[in-house]
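For reference, the structure discussed in these notes is given below.
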There are 2 protein chains.
Amino acid sequence: MTDTLSLTTHDHIDAEYALRENPHDHKAELRLWLRLLTCTNLMEAEIRKRLRERFDTTLPRFDLMAQLYRAEDGMLLGELSQRMMVSNGNVTGLVDRLVQEGLIERQVTETDRRAARVRMTARGRSVFSEMAEAHGDWISEMLGGLSEGDQEHLWSRLGELKTSVRGALAEQKNQRRRPK
Amino acid sequence: MTDTLSLTTHDHIDAEYALRENPHDHKAELRLWLRLLTCTNLMEAEIRKRLRERFDTTLPRFDLMAQLYRAEDGMLLGELSQRMMVSNGNVTGLVDRLVQEGLIERQVTETDRRAARVRMTARGRSVFSEMAEAHGDWISEMLGGLSEGDQEHLWSRLGELKTSVRGALAEQKNQRRRPK
DNA sequence: GTTGAAAATTTTAAGTTTAAAGCATTTACT
DNA sequence: AGTAAATGCTTTAAACTTAAAATTTTCAAC
């Protein structure tokens, strides 16, 4: 009847766990980064799961459709990959599969034959709007424990974070351009 | 010499971009979620890139080693997958590759022959500690635009967010157990 | 008009990731 | 002991992802 050596508390195990046990180890920045990562991963995993269970689709497909949904005239693949922050080749495959499912369609561009423009089909639009509503509800559900004020606050602090990161990346790029 | 129809501002294009143009469209929760995602993706992409450029390795491998680094006695694969928040099968493959590289090693467990325990090799430990230092510097660099107070603040708000999400997931699980 | 660079996309090869099924071992209950 | 469930991991098939090379087309500068 004795306890085993396994974990007996109700603590959740995640990327932050190790740091919790070695509080002196690293900087505050690392803690922040790991927590950011944990939050994102938690939510993403749940969204993935629900998209599969209830709509038999995947997050990347949903993301692509979300980008396309508001673009009446469709979008170029390059624009899609930029907004989705994924590689060009990645988008090519996703588009192929969504075309296969009849949710989006390719259209030839007569002005520039290199470019590939895609847009939603009527069915895609209808399917997506249903998914988007559920998706919105899920997010609300998960963030429901925060007051509106907290959410607003978090949003603007994350805005600063985003600025800081973008600044660091631009900085680094400049350093390389003139190494003197 | 006239401008084309392409983007001429210095705005960055990302997942938040569409919402910025349709401010009435969705709820504040969605904005928050997208910004969270954007921040994480930005940082992750940069870390991935630098890990490849400077250490010729990948983020998943780094993450696995980070979990293992502090565990003197090694860890079970299941524990690894739990902490990394990825599937079991995923860990199997990563471990195989890291063993191949000589950075970690499997050891047989005599008490439970189902279990697979892995630990770092001496070389792995030395390689990782170098990477970890650089990694810490990168994080600091990217978060450097935030004051220490802002970072602390953000960290605790994200703690609330994490609690909210975990609460919602547990809630949902309970609902299913007794649907009445 | 040629030519060379740039742009937009696709292809390729390797790796990551997942869910689901399968296998081996242990545990719990009789 | 004997059996059923649970546990720990691996395998499988499909999808996702990337970086780098290749392809096609456009553009700019002679």
Side-chain angles (χ1 to χ4, degrees), chain A residues 1-7 41 44-65 74-101 106-118, chain B residues 1-2 4 6-7 41 44-65 74-101 106-118:
Chain A
M1 232 17 124
T2 62
D3 275 334
T4 67
L5 290 176
S6 66
L7 299 162
N41 287 344
E44 232 185 60
E46 183 68 15
I47 293 168
R48 247 177 240 282
K49 186 176 138 207
R50 295 189 185 186
L51 279 176
R52 181 174 34 78
E53 285 175 354
R54 304 198 195 172
F55 296 105
D56 192 28
T57 192
T58 65
L59 186 51
R61 290 174 203 207
F62 177 84
D63 285 344
L64 194 152
M65 288 201 278
M75 286 171 74
L76 299 184
L77 292 211
E79 202 178 348
L80 267 177
S81 87
Q82 204 176 358
R83 291 200 188 197
M84 294 176 70
M85 298 204 253
V86 299
S87 67
N88 276 344
N90 192 349
V91 170
T92 298
L94 286 172
V95 163
D96 288 347
R97 275 166 234 126
L98 284 169
V99 167
Q100 193 84 32
E101 297 185 59
R106 283 172 186 272
Q107 44 184 178
V108 275
T109 315
E110 57 293 322
T111 61
D112 184 345
R113 275 180 306 178
R114 291 169 304 183
R117 183 173 287 274
V118 287
Chain B
M1 232 14 122
T2 63
T4 67
S6 64
L7 300 161
N41 287 344
E44 233 185 58
E46 184 66 16
I47 293 168
R48 247 177 240 282
K49 187 176 138 208
R50 296 190 184 184
L51 279 176
R52 182 175 34 79
E53 285 174 355
R54 304 199 196 170
F55 296 105
D56 191 30
T57 191
T58 65
L59 186 52
R61 291 172 202 208
F62 177 83
D63 285 344
L64 194 152
M65 288 202 278
M75 285 171 74
L76 299 183
L77 294 210
E79 204 178 346
L80 268 176
S81 86
Q82 204 176 358
R83 291 200 188 196
M84 295 175 70
M85 298 204 252
V86 300
S87 68
N88 276 344
N90 193 346
V91 170
T92 297
L94 286 172
V95 163
D96 288 347
R97 275 166 235 126
L98 285 169
V99 167
Q100 195 83 32
E101 297 185 57
R106 284 173 186 268
Q107 45 182 180
V108 277
T109 314
E110 56 295 321
T111 63
D112 184 344
R113 277 179 304 178
R114 291 169 305 184
R117 183 172 287 274
V118 287

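Heavy-atom basis, side chains included; hydrogens, waters and symmetry copies ignored. Each chain gets a letter, A, B and so on, in the order its sequence line appears, and its residues count up from 1.
OP1 or OP2 of C:dT10 has at least one side-chain nitrogen or oxygen of A:T92 nearer than 4.0 Å. For the OP1/OP2 pair of C:dT27 and a distance below 4.0 Å, the side-chain nitrogens and oxygens of B:R113 include no atom meeting the criterion. Between C:dT9 and A:R106, no contact under 4.0 Å exists linking OP1 or OP2 to a side-chain N or O. Contact between the side-chain N/O atoms of A:N90 and the OP1/OP2 oxygens of D:dT18 is found at a separation under 4.0 Å.
As judged by a 4.0 angstrom heavy-atom cut-off over every strand, A:L76 is placed among residues touching the sugar-phosphate backbone only. Among the heavy atoms of the strands, none lies under 4.0 Å from A:R117. As judged by a 4.0 angstrom heavy-atom cut-off over every strand, A:G89 is placed among the base-contacting residues.
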Worked check of salt bridge (Lys or Arg N to Asp or Glu O under 4.0 Å) between B:R83 and B:E79 = CA-CA 6 Å; B:R83 291 200 188 196; B:E79 204 178 346; 3.4 Å; yes
Could you give me the CA-CA distance, side-chain angles and deciding distance for A:M84 and A:L94, then say whether side-chain contact (heavy atoms from CB on, under 4.5 Å) is met?
-> CA-CA 12 Å; A:M84 294 176 70; A:L94 286 172; 4.1 Å; yes
After noting the C-alpha distance and the side-chain angles of B:R61 and B:D56, does the key distance pass the salt bridge (Lys or Arg N to Asp or Glu O under 4.0 Å) rule?
-> CA-CA 11 Å; B:R61 291 172 202 208; B:D56 191 30; over 6 Å; no
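The distance from atom CG of B:D96 to atom C1' of D:dT10 is 9 Å, rounded to the nearest whole Å. Going from atom CD of A:E110 over to atom P of D:dT26 covers 11 Å, rounded to whole Å. Taking atom CG of A:L64 as the reference point, atom C1' of D:dT17 lies 14 Å away to the nearest angstrom. Distance B:Q82 CD to D:dT7 C1': 13 Å, rounded to the nearest Å. When the P atom of D:dG8 is taken as reference, atom CD of B:E79 falls 10 Å away, rounded to whole Å. Here the C1' atom of nucleotide C:dG15 and the CD atom of B:Q100 are 14 Å apart, to the nearest Å. The distance between atom CZ of B:R48 and atom C1' of C:dG15, rounded to the nearest whole Å, is 11 Å. Counting to the nearest Å, the C1' atom of C:dA20 and the CD atom of A:E53 are 13 Å from each other.
Residue B:A115 has its side chain nearest to D:dG8 when only D:dG8, C:dT9, D:dT10 are considered. Across C:dA7, C:dT25, D:dC16, the shortest atom-to-atom separation from the side chain of B:D112 is found for C:dT25. Checking C:dA8, C:dT10, C:dT18 against every side-chain atom of B:V86, the shortest atom distance belongs to C:dT18.
Across all their heavy atoms, A:S81 and A:S87 have their closest contact at CB-O, 3.9 Å.
If you find the closest nucleotide of DNA chain C to A:M75 and to A:R52, the one lying nearer the 5' end belongs to A:M75. Closest-nucleotide positions on DNA chain D for B:A45 and B:A116 were compared, and the one nearer the 5' end corresponds to B:A116. Place B:T111 and B:T58 on DNA chain C by their nearest nucleotides, and B:T58 ends up nearer the 5' end.
On a pure distance criterion of 3.5 Å, no polar donor-acceptor pair joins the side chain of B:R114 and the base of C:dA24.
The residues B:R50 and B:E46 are annotated as salt-bridged, a charged nitrogen and a carboxylate oxygen being separated by less than 4.0 angstrom.
Under the 3.5 Å distance criterion, the side-chain polar atoms of A:R117 are left unmatched by any main-chain donor or acceptor of A:T109.
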